[in-house]
Amino acid sequence: MPAKPKLGQNFLNDTEAVERIANSLGDLAGRTVVEIGPGAGAITGALAARAGHVLAVELDTELAAHLRTQFPADRVTVTEQDVLHYDFAAASAAAGERLRVVGNLPYYITSQILLKLAASHQSLDRAILMVQREVADRITAGPGSRDYGLLSVTVQMFGPAECLFTLPPSAFSPPPDVHSTVFRWRFAPRFAELGVEEDSFLRFVRKAFAQKRKTLANNLRAAGIAPEVASVAMAHAGIDPKARAEALTLEAFAALWHSLETEQSATPGIPRL
Ligand code: SAM
């Protein structure tokens with residue numbers, strides 16, 4: 001079947017990588033695994049050999065039909081659907097457990113898939129995902145590194161992420177223009193532990209990173225936070241007034257969010273975060 005570039009179809013042809021991906025999911029005996037974009041089934045076979053059940057979510061009609069001929073329905077359920085509309089909560093309830101997720105992702109919707117998984121975190125245990133190498137570097141970066149930014153903080157607030165291994169374009173057919181990295185993401189959200197409210201905190205982090213070249217104080221000012229409120233809150237949180245958002249740990253972002261909330265609620269008429 002010819003690959004459809006519009007659907008991000010770069011099929012994995014490296015059997016060793018397939019084994020490494022499947023092994024990275026941990027012991028799958030009796031467990032239910034969701035595969036995002038199974039394609040022609042390169043990874044699906046390794047999953048079916050290990051897991052209790054595989055839920056394969058594929059948008060391409062022809063590939064979905066092909067997969068149904070390759071695997072018995074009692075081992076692999078093929079759902080022809082856009083994964084962005086997939087109901088992970090219902091699948092988890094039916095399986096009676098938090099799901100493991102795996103996918104050599106269609107790169108054109110990587111961010112949307114990550115946000116979808118984050119929003120479904122209560123139904124998920126961990127994910128092993130293949131993304132463009134530069135994206136994996138950003139997802140897993142720590143404070144102070146060149147790659148640390150909004151994507152790192154957003155993903156890591158839903159649980160730790162670590163790079164596992166990188167593959168060259170030749171591991172795929174057709175080869176993409178970029179290297180690809182497999183990373184692991186364990187779902188263990190930090191919001192309650194850090195005492196922050198999820199939506200408000202993520203909105204605040206977006207404002208903090210709005211312009212990479214600006215200082216944090218300037219980004220907060222540009223977001224409509226009064227300079228005097230921002231500087232008192234930064235001092236309370238122990239943050240250097242000249243700091244950039246790229247230098248802040250998740251804990252420092254949470255401390256600043258708290259200080260801003262406190263400062264803003266003490267000053268009537270100031271819009272809240
Ligand atoms: N897992 C296969 C492999 O490793 O060879 C295929 C991976 S390929 C990079 C991405 C797969 O995602 C393709 O099969 C593509 O049709 C599928 N896909 C693209 N958009 C999708 C979407 N919105 N929902 C579900 N699957 C999608």
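Note that ligands are numbered from 1 as they come in the structure, with each ligand's atoms numbered from 1 the same way. Predicted, not measured: the structure shown is a model, and the values here were computed from it.
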Self-check item: Atom indices of ligand 1, in the order listed, that fall short of 4.0 Å to a heavy atom of L105
Solution: 9 (C)

Quiz item: Where is the nearest protein heavy atom to atom 16 (O) of ligand 1: which residue, which atom, and how far?
Solution: E58 OE2, 2.6 Å

Quiz item: Considering distance alone, does some N or O of L12 sit under 3.5 Å from an N or O of ligand 1?
Solution: yes

Quiz item: Within less than 4.0 angstrom of ligand 1, does K4 place any heavy atom?
Solution: no

Quiz item: If only atom types and distance count, is the side chain of S152 paired as donor or acceptor with the main-chain N or O of I139 below 3.5 Å?
Solution: no

Practice problem: State the atoms of ligand 1, each with its element, that fall below the 4.0 Å cut-off from a heavy-atom position in L63. | Solution: 14 (O)

Quiz item: Does a side-chain heavy-atom distance below 4.5 Å link L216 with L256?
Solution: yes

Quiz item: Which atoms of ligand 1 are found less than 4.0 Å from any heavy atom of F11?
Solution: 5 (O), 6 (C)

Exercise. Pick one of side chain, backbone, both or neither for how E35 approaches ligand 1, counting any non-hydrogen atom pair under 4.0 Å.
Key: side chain

Quiz item: At under 4.0 Å between heavy atoms, which part of V57 makes contact with ligand 1: side chain, backbone, both or neither?
Solution: backbone

Quiz item: For ligand 1, which atoms have a heavy atom of N104 less than 4.0 angstrom away?
Solution: 3 (C), 4 (O), 7 (C), 8 (S), 9 (C), 10 (C)

Self-check item: Smallest separation among heavy atoms of Q156 and L250, with atom names
Solution: O-CD1, 3.9 Å

Quiz item: Nearest to atom 13 (C) of ligand 1, what protein heavy atom do you find, and at what distance?
Solution: Q9 CG, 3.6 Å

Quiz item: Is the closest heavy-atom distance from Y108 to ligand 1 below 4.0 Å?
Solution: yes

Practice problem: Would you confirm whether E246, through its side chain, and R146, through its main-chain N or O, come within 3.5 Å as a donor-acceptor pair? | Solution: no

Quiz item: Considering only heavy atoms, does A40 approach ligand 1 within less than 4.0 Å through its side chain, its backbone, both, or neither?
Solution: neither

Exercise. For N23 and R50, test the side chains for any donor-to-acceptor distance below 3.5 angstrom and give the result as yes or no.
Key: yes

Self-check item: Residue that, paired with E197, satisfies side-chain contact (heavy atoms from CB on, under 4.5 Å) out of F191, F204, W257
Solution: W257

Self-check item: Nearest protein heavy atom with distance in Å, relative to atom 24 (N) of ligand 1
Solution: V83 N, 2.9 Å

Quiz item: Between T154 and F209, is any pair of side-chain heavy atoms under 4.5 Å apart?
Solution: no

Practice problem: Measure the distance from atom 23 (N) of ligand 1 to every protein heavy atom, then report the residue, atom name and distance (to 0.1 Å) of the closest one. | Solution: D82 OD1, 2.9 Å

Exercise. Specify the protein heavy atom at minimum distance from atom 19 (C) of ligand 1: its residue, its atom name, and the distance to 0.1 Å.
Key: L7 O, 3.1 Å

Practice problem: Looking only at protein heavy atoms, identify the closest one to atom 1 (N) of ligand 1 and say how far it is in Å. | Solution: G37 O, 2.8 Å

Practice problem: Could you list which atoms of ligand 1 come closer than 4.0 Å to a heavy atom of A42? | Solution: 5 (O)

Quiz item: Taking T215 for the side chain and N218 for the main chain, is one N or O donor matched with an acceptor at less than 3.5 Å?
Solution: yes

Exercise. Give a yes or no answer on whether the side chain of Y108 reaches the backbone of P5 with a donor-acceptor pair at less than 3.5 Å.
Key: no

Quiz item: In terms of residue, atom name and distance, what is the protein heavy atom nearest to atom 9 (C) of ligand 1?
Solution: G8 O, 3.1 Å

Self-check item: atom 18 (N) of ligand 1: nearest protein contact (heavy atom, Å)
Solution: P106 CG, 3.8 Å

Quiz item: Are the side chain of R138 and the backbone N or O of L151 linked by a donor-acceptor pair below 3.5 Å?
Solution: no

Quiz item: Numbering the atoms of ligand 1 from 1, which are under 4.0 Å from a heavy atom of P38?
Solution: 1 (N), 2 (C)

Self-check item: R98 to F187, cation-pi by 6.0 Å centre distance and 45° axis angle
Solution: no

Practice problem: May I ask which of I43, L59, I36 has a heavy atom nearer to atom 22 (C) of ligand 1 than the others do? | Solution: L59

Quiz item: Which of the numbered atoms in ligand 1 are below 4.0 angstrom from a heavy atom of Q81?
Solution: 24 (N), 25 (C)

Self-check item: Crowding at CD, Q122 (>12 non-hydrogen neighbours, <6.0 Å)
Solution: no

Quiz item: Looking at D74 and H53, what are the two nearest heavy atoms and their distance?
Solution: O-ND1, 3.2 Å

